[in-house]
Novice: 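To start, I am sharing the structure in question, which I have written as structure tokens.
Counting begins at 1 with the first residue of the sequence. Values in this document were obtained by computation on a predicted structure and should not be read as measured data. What's counted below: heavy atoms across the whole structure, side chains too, no hydrogens, waters or symmetry copies.
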Amino acid sequence: MTAFTIYPAIDIRGGKCVRLLQGDYAQETVFNESPLDAAKQWENLGGQFVHLVDLDGAKEGRPVNHELIGRIASSLNVPVQIGGGLRTFEDVKLLLSLGVSRVILGTAAIEDKAFTEKVLAEYGDKAAIGIDARNGFVATRGWLETSEVRAEDLAKELAAKGAETFIFTDISRDGMMQGPNVEAILSLAKASGKTVIASGGVTVQGDLERLAAHADDGIGGAIVGKALYTGNIDLASALAAVKR
């Protein structure tokens with residue numbers, strides 16, 4: 001069976017670990033004053049890969065919390081991936097030079113094809129494509145705008161350009177504790193023929209088990225945020241369950 005990875009999520013805004021409800025910057029909950037402490041906590045509980053989001057960066061269109069992200073990357077013994085505001089080749093290069101293992105391209109994957117293709121050509125699997133969708137259509141700019149591009153079409157197009165990993169978020173499920181949209185995630189994996197990491201809506205351990213059951217169909221992992229912070233999901237227990 002193909003490995004399934006659980007990615008504890010740390011969303012950084014103003015130097016703190018927060019969660020936004022459905023990407024709304026006005027609906028923020030602070031979970032930890034120190035994102036570094038949060039990252040160490042998840043590593044100590046067995047997390048094998050940490051997912052970071054620079055929320056300030058997503059809004060500004062450039063890395064904002066990169067110094068903190070570099071500190072987190074160099075302090076952990078497990079890899080980290082980062083998304084949020086990566087729109088230039090120099091910014092991607094900067095974050096990878098700080099010790100980040102994988103960068104996630106979101107808005108730029110839609111708005112700047114030349115940049116995306118250059119990053120994929122240069123860095124290959126060190127770059128993942130974040131596809132955030134609302135009703136099947138790709139949303140951009142920290143979810144503030146919805147495009148006319150279908151998620152599956154974008155995935156097919158970028159897979160042909162060398163993308164190996166997609167991170168798929170169904171915005172309507174994010175932070176709502178309703179469970180992930182397994183059908184949409186599977187159909188993206190099928191359309192692209194690549195690995196898809198699920199994001200948004202993971203609420204209970206059973207959600208992770210349902211996703212992990214499709215590891216051989218291309219669902220390579222899941223990003224878990226709010227449910228870990230509220231205690232709905234126990235990381236050690238979930239890691240053991242998806243290995244079974």
Novice: Can you see which heavy atom on L239 is nearest to which on G47, and at what distance?
Specialist: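 Smallest heavy-atom distance, with atoms named: CD1-N, 4.0 Å.
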
Novice: Give me the one residue out of I104, V100, V80 that meets side chain to side chain contact (heavy atoms under 4.5 Å, CB included) with L52.
Specialist: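 Among I104, V100, V80, the one meeting side chain to side chain contact (heavy atoms under 4.5 Å, CB included) with L52 is V80.
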
Novice: For the CZ atom of R102 and the CD1 atom of I82, what is their distance to the nearest 0.5 Å?
Specialist: 12.5 Å

Novice: Quick one: does P35's side chain get under 4.5 Å of L68's, heavy atoms only?
Specialist: yes

Novice: Please give me the minimum heavy-atom distance between I6 and P8, naming the atom from each residue.
Specialist: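 Closest heavy-atom pair between I6 and P8: O-CD, 3.4 Å.
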
Novice: Would you give the length of the straight line joining atom CD of E111 to atom CZ of R87, rounded to the nearest 0.5 angstrom?
Specialist: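 If we round to the nearest 0.5 Å, E111:CD and R87:CZ are 6.5 Å apart.
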
Novice: Could you give the distance from NZ (K194) to CD1 (I129), rounded to the nearest 0.5 Å?
Specialist: 12.0 Å

Novice: Considering the options F49, Y229, Y7, which one meets the ring pair (Phe, Tyr, Trp, His ring centres under 6.0 Å) requirement together with W42?
Specialist: Y229

Novice: Please say yes or no: joined through hydrophobic side-chain contacts below 4.5 Å, possibly via intermediate residues, are I233 and I219 part of one cluster?
Specialist: yes

Novice: Check whether F31 forms a cation-pi arrangement with R19 (NZ or CZ under 6.0 Å from the six-membered ring centre, at most 45° off the ring normal).
Specialist: no

Novice: Taking all non-hydrogen atoms of both residues into account, name the closest pair between A227 and T203 and its distance.
Specialist: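 Closest approach of A227 to T203, heavy atoms only: CB-O, 3.5 Å.
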
Novice: Can you confirm whether more than 12 heavy atoms, excluding those of N135, are under 6.0 Å from its CG atom?
Specialist: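 Open.
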
Novice: Any Lys/Arg nitrogen of R210 or D207 sitting under 4.0 Å from an Asp/Glu carboxylate oxygen of the other?
Specialist: yes

Novice: At what distance, to the nearest 0.5 angstrom, does NZ of K161 lie from OG1 of T116?
Specialist: 11.0 Å

Novice: Applying the side chain to side chain contact (heavy atoms under 4.5 Å, CB included) criterion to C17, which one of N32, I12, T29, V30 satisfies it?
Specialist: N32

Novice: Taking all atoms of both residues into account, what is the closest heavy-atom pair of A139 and R134, and its distance?
Specialist: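 Here A139 and R134 meet closest at CB-NH1, 4.0 Å.
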
